[in-house]
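Some notes on the structure that comes next.
Note that these values count all heavy atoms, side chains included, but never hydrogens, waters or copies made by symmetry.
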Amino acid sequence: LPGSSGADTNLTEIKFIDDTGTGIRLEPLAGRNILPLSPVTDKYIQSTQQGASIIIQKRDDNTWYIKEIIGTWTVEP
C-alpha cells in the first residue's frame, strides 16, 4: 500500500474487489499497519474468496483503517 508524503493523502479511500477468486493481498509499507484486522506492523492481509472486497482509508502516515470488509480475510502469520 502506498505511503503518505503529506497531509493531503490522509483520508484517502481505496476499494479492492476480487471478482475472480484469484486473491487479493494488501501489504503495508514497512512500519505500517492495517487496523483493526492487523494491529501488528508489517503484516499483510489477504483473501482468496470470490466476491471478497475491502475499503480501506488512510488515517495517518502509519495507518490504514478498514472502513468496510466483505468475505473472509486473514492476516499474515
Are the side chain of Ser47 and the backbone N or O of Thr72 linked by a donor-acceptor pair below 3.5 Å?
yes

Quick one: CD1 on Ile55 to CD on Glu68, what's the gap to the nearest 0.5 Å?
4.0 Å

Please check: side-chain N/O of Arg32 versus main-chain N/O of Asp61, any donor-acceptor pairing under 3.5 Å?
yes

Main-chain N/O of Tyr44 paired with Glu76 side-chain donor or acceptor, under 3.5 Å
yes

Donor-acceptor pair, Asn33 side chain versus Leu35 backbone, under 3.5 Å?
no

Can Ile54 and Ile70 be said to form a side chain to side chain contact (heavy atoms under 4.5 Å, CB included), step by step?
CA-CA 6 Å; Ile54 190 168; Ile70 297 172; over 6 Å; no

Under a 3.5 Å distance rule, please check whether Gln57 uses its side chain to pair with a backbone N or O of Lys67 as donor and acceptor.
no

Residue pair Ile34 / Pro28: nearest heavy atoms and the distance that separates them
CD1-CD, 4.0 Å

Is there a donor-acceptor pair under 3.5 Å between the side chain of Asp18 and the backbone N or O of Gly51?
no

Indicate yes or no for a side-chain donor-acceptor contact from Lys43 to the backbone of Ile45 under 3.5 Å, with no hydrogens or angles considered.
no

What I'd like to find out is whether the side chain of Ile56 reaches to under 4.5 Å of the side chain of Tyr65, using heavy atoms alone.
no

Given Ile24 and Trp73, is the side chain to side chain contact (heavy atoms under 4.5 Å, CB included) satisfied, shown in steps?
CA-CA 9 Å; Ile24 298 173; Trp73 290 79; 4.0 Å; yes

Do Ile17 and Ile69 belong to the same hydrophobic cluster, where Ile, Leu, Val, Met, Phe, Trp and Tyr are linked whenever their side-chain heavy atoms lie under 4.5 Å apart, directly or via other members?
no

